[in-house]
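Everything on this sheet refers to the single structure shown next.
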There are 2 protein chains.
Amino acid sequence: MSPSRSSETSAHERLYRNLRQRIMLGELPPGQALTLRGIAAEHRVSMTPAREAVRRLVAEGALSLSSSGRIATPELSVERIEELAALRGLIEPELASRALPRAHQALIERMAVINAAIGEAAESHDAIGYIRTNLEFHRLLYLRAQAPAMLAIVETVWLQLGPTMRALYGRVKRNEPPRHHRMILASLRAGDEPGLRLAVRADVTHGLRHLGTT
Amino acid sequence: MSPSRSSETSAHERLYRNLRQRIMLGELPPGQALTLRGIAAEHRVSMTPAREAVRRLVAEGALSLSSSGRIATPELSVERIEELAALRGLIEPELASRALPRAHQALIERMAVINAAIGEAAESHDAIGYIRTNLEFHRLLYLRAQAPAMLAIVETVWLQLGPTMRALYGRVKRNEPPRHHRMILASLRAGDEPGLRLAVRADVTHGLRHLGTT
DNA sequence: CATGCCCGCATGTGATCACAAACGGGGCCG
DNA sequence: CGGCCCCGTTTGTGATCACATGCGGGCATG
């Protein structure tokens, strides 16, 4: 076809990034149905790149296939959510700990700025903005850990939790940033490694705890 | 086309499973080049299912694409290997701990049998058999943890390490099962949770430690 | 004999077609 | 009025084709 848009990356890569971002930020509710032809048409490409992007996202747990092959965002069971939260609680403190020696003042200030943005998103009840800035807060720290494989796995977990997080934060009306973020920043400033691990673990575990109200 | 082989699963699923197993067991050395047409021809299907299987494996880190899209098994840097080993050391003790309360006598005996098979594979210098039985030993335990998401992530890590493990075990001539396996079995029998965590962590960390000889 | 260029072929990407299955709505029967 | 069946249509799967790209071997050149 005419390469009207001469983007650097291949078509399926663009579809993949677009879908991945929408899922991770919770723009799609759990159980949302998708079709290959719909995705393809939306991006003005044929079914082939759509198939590859979907296949990739299914492999990462960001989408699920019904027994007959229909595509939808996953509807997570409570057990699975708790398991994914446990994985976050296992890996993220490790990433934070590895990032701590490299976390300079400038980084901490940038994190504080993002934390303020989280507060703004919370005040205006912007669920997607809240999720996005919250993930940015964590990712900015973890990038300093110089551990790409660990970060990739954590992002996969975030991806799987995306639709559920949206449903969760859409219900719980927050007005302020997570309380543990201040503890994370304080521990970073103090160079307090055990405190940082605890703060990160608490932050990660806390948000996913009130699920009994489902 | 004529559905000559009426297998239950779709074609790309069969290709995926076949390739995944070969990679995880270390049948392919690091840097081994593959082609879509080659994979397709080997399984008597068209390129389409081969593409989807490869895409899925790339998403899991089992295969890597060059900048021009060529397919090969990944050649891991030492840093990445250490990171993946750290992930194993983080998650596998947790899985073992969760499996412990459900680990009955019958399970422990089956693990002991597999451990003997590991010894046989080691004696006959059967690298692939060694890797396969070793993973079976761990998987059999972790299945009891009732934590499918964690198990899936650990298996992804195993998958990424597959070609490297082959290169590793092919060089180091082992003659016996990993020494920490006896500690794992003993901790299981004694119901000793902290000991189990330590034994698993040691087992996982130990095997990947002697990399300086590269 | 070493080195760099060049062309042919292998390879991945995307589009399109054919087909089987299953979803779902409308109508029929109890 | 409710439940069930049936058929049209949507949807995923696999095959095949056209094309751009880049790798690699062979030849010419210094």
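Sequence lines set the chain letters: A, B, ... in the order given, protein chains first and strands last, and positions in each chain run from 1.
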For Ala167(A), check side-chain contact (heavy atoms from CB on, under 4.5 Å) against everything at least two apart and list the hits.
->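 side-chain contact (heavy atoms from CB on, under 4.5 Å) check on Ala167(A) returns Pro30(A).
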Distance test, side-chain N/O of Ser46(B) to OP1/OP2 of dA15(D), below 4.0 Å |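 So the side-chain polar atoms of Ser46(B) do come within 4.0 Å of the phosphate oxygens OP1 or OP2 of dA15(D), strictly under.
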Quick test of your reading: applying salt bridge (Lys or Arg N to Asp or Glu O under 4.0 Å), list the pairs with at least one residue in [range], sequence neighbours left out, ordered by first then second residue.
range                     : value
residues 71-81 of chain A : none
residues 31-40 of chain A : none
residues 59-71 of chain B : Arg20(B)-Glu60(B)

Between the protein and nucleotides 11-13 of chain C, which nitrogen or oxygen pairs are less than 3.5 angstrom apart?
residue, atom, partner, partner atom, Å
dG12(C), OP2, Leu36(B), N, 2.9
dG12(C), N7, Arg37(B), NH1, 2.9
dG12(C), O6, Arg37(B), NH2, 3.3
dT13(C), OP2, Arg55(B), NH2, 3.2

Under the ring-ring contact (aromatic ring centres under 6.0 Å, His included) test, which residues partner His181(A), sequence neighbours left out?
->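 Applying ring-ring contact (aromatic ring centres under 6.0 Å, His included) to His181(A) gives Phe137(A), His138(A).
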Separation of atom CZ in Arg44(A) from atom P in dG14(C), rounded to whole Å |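 Answer to the nearest Å: 17 Å.
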In whole angstrom, give the distance that lies between atom CG of Leu63(A) and atom C1' of dG12(D).
->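 In whole Å, dG12(D) C1' lies 14 Å from Leu63(A) CG.
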